[in-house]
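By convention in this document, chain letters (A, B, ...) are assigned in the order of the sequence lines, proteins followed by strands, and residues within each chain are numbered from 1.
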2 protein chains.
Amino acid sequence: MKHGHKYSEEDILELLKEKKLSITGPRKLILKLLTAEHGPYTADEIFQKLPKGSCDKASIYRSLSQFVDKDIVQIAHLEKDVVHYEFNHPDDHHHHIVCRLCHKVEVIHDCGIERLERTLEKVGYTNVKHRLEMVGTCEKCNLNKNSRNG
Amino acid sequence: MKHGHKYSEEDILELLKEKKLSITGPRKLILKLLTAEHGPYTADEIFQKLPKGSCDKASIYRSLSQFVDKDIVQIAHLEKDVVHYEFNHPDDHHHHIVCRLCHKVEVIHDCGIERLERTLEKVGYTNVKHRLEMVGTCEKCNLNKNSRNG
DNA sequence: TATTTTTTGCAAATTAGTTGCAATTTCATC
DNA sequence: GATGAAATTGCAACTAATTTGCAAAAAATA
């Protein structure tokens, strides 16, 4: 799979083979959805978005869990107690900032944590990954707040 | 509350007042535990560590949730589907790296994300916070793995 | 101290996620 | 392409974490 273009059916099959996962209906459907849309989505949102009856919820959980193990999908904890899943585009490392009031999600590129990863590798860790989530109050919400109070 | 010393009963009362939370048995117990020990702990671990019968589990969840809202406690998602809570010492900003094999947790100081927070504040966000979690395979586990395979 | 407000403990409910299992599908080999 | 072993699925039952309703108790306020 080349970087920087949309994932075709072919690409998805190739990805599954590359990761030594057998090619099944549910897996294809889930990857098709996650590669085509930005997400991040909860397991339930994925279930809702797939054609009705095309895939059992248990299979979604099982597939997502395998995808995470194989680093095809990554988890984001954007809100307390809500697990979001997102396709891990190899050429699009990013994080999110969520507004604590309106819950708008924006993407952050260039997190600058690579340096920290290198440091950890120097002290013996291998294959270091990170998960970063940010919260703030966005400009719009700040304006609303001020206009309400004063 | 001055920085850099242990939290006394007094400090805990002061903290609760400062955050406009009424002073109750469960809240004092939970904060006493979380300020005294490193953690991070799950809600259930906190329950186990408190004197038997001293505090209902529902109250632990309710208190923790309020503490998080008030920024007294912070959440860490060290493992999938496990929520850990940790006292947010104002002078001890840190993160964790968890070994993906032995699950050993180490503390990371100096994460370098402050720069990113400043950038976000420049584009209109206020009160930006972050949550960073890292995973890697620790040196010991790498050695074990190699000695098993080769 | 009396009154109002908040919090608690308990039990029941909810929810996300997991599991056992028989039926089905995929894969590897012929 | 057929064949059998291995992996995966859908379903339903289950589990574990967290939440909720409510009456009693405790804390804050007047």
Measure the distance from CD on E45(A) to P on dG17(C) and round it to the nearest whole Å.
11 Å

Residues which pass ring pair (Phe, Tyr, Trp, His ring centres under 6.0 Å) with H93(A), listed by chain and number, not counting sequence neighbours:
H95(A), H130(A)

Between the protein and nucleotides 21-25 of chain D, which nitrogen or oxygen pairs come in under 3.5 angstrom?
none

F67(A) atom CZ is separated from dT8(D) atom C1', nearest whole Å, by 12 Å

Roughly, in whole Å, what's the span from CD in Q66(B) to C1' in dT20(D)?
14 Å

By nearest atom, which of the nucleotides dT19(D), dT9(D), dA16(C) is closest to the S63(A) side chain?
dT9(D)

If the threshold is 4.0 Å, N to carboxylate O, is there a salt bridge linking R118(B) and E121(B)?
yes

Can you check the L64(A) CG to dT8(D) P distance for me, whole Å?
15 Å

Please report the closest heavy-atom contact between E37(B) and K49(B), naming both atoms and the distance.
OE1-NZ, 3.2 Å

May I have the distance from K20(B) (atom NZ) to dT7(C) (atom P), rounded to whole angstrom?
14 Å

Can a donor-acceptor pair be found, under 3.5 Å and without considering hydrogens, that links the side chain of Q48(B) to the backbone of E45(B)?
no

Just N and O in the side chain of Y61(B): are any of them under 4.0 Å from OP1 or OP2 of dT19(D)?
no

Between dC11(D) atom P and I60(A) atom CD1, what is the distance in whole Å?
12 Å

Over all strands shown, is V83(A) touching base, sugar-phosphate only, or nothing at heavy-atom distances under 4.0 angstrom?
sugar-phosphate

Taking every non-hydrogen atom, the tightest pair across I46(B) and Y41(B)
CG1-CB, 3.8 Å

In whole angstrom, what separates K57(B)'s NZ from dA12(C)'s C1'?
16 Å

Let me have the donor-acceptor pairs involving side chains of residues 22-30 of chain B, under 3.5 Å, with sequence neighbours excluded, atom names and distances please.
residue : atom : partner : partner atom : Å
S22(B)  : OG   : R27(B)  : NH1          : 3.3
T24(B)  : OG1  : R27(B)  : N            : 3.4
R27(B)  : NH1  : S22(B)  : O            : 2.8
R27(B)  : NH2  : Q66(B)  : OE1          : 3.2

Over all heavy atoms of both residues, which pair between Y7(A) and P90(A) is shortest? Give the atoms and the distance, please.
OH-CD, 3.4 Å

Short N/O separations, protein against nucleotides 24-30 of chain C, under 3.5 angstrom:
residue : atom : partner : partner atom : Å
dC27(C) : OP1  : I23(A)  : N            : 2.7

Judged by atom type as modelled, is there a donor-acceptor pair below 3.5 Å linking the side chain of S59(B) to the main-chain atoms of C55(B)?
no

Tell me whether N88(B) contacts the main-chain N or O of D71(B) through its side chain, where contact means a donor paired with an acceptor under 3.5 Å.
yes

Which heavy atom in P40(A) sits nearest to a heavy atom in H96(A), and how many Å separate them?
CD-NE2, 3.9 Å

All N/O pairs under 3.5 Å across the protein-nucleotides 1-6 of chain D interface:
none

Residue whose nearest DNA chain C nucleotide is more 5′ - D81(B) or P26(B):
P26(B)

Does S54(B) reach a base, just sugar-phosphate, or nothing at all? Heavy atoms under 4.0 Å.
sugar-phosphate

Report the distance from atom NE2 of H84(A) to atom P of dA16(C), rounded to the nearest whole Å.
12 Å

Among H89(A), E86(A), H109(A), find the one that has a side chain to side chain donor-acceptor pair (under 3.5 Å) with H94(A).
E86(A)

Using a 4.0 Å cut-off on heavy atoms, which residues in residues 27-35 of chain B reach DNA chain C? List them by number, or say none.
R27(B)

Is a side-chain N or O of S54(B) found less than 3.5 angstrom from the main chain of L50(B), in a donor-acceptor match?
no

Minimum heavy-atom distance between T42(B) and Y85(B), given as atom pair plus value:
C-CD1, 4.4 Å

What's the shortest heavy-atom distance between K57(A) and D44(A), and which atoms?
NZ-OD1, 2.6 Å

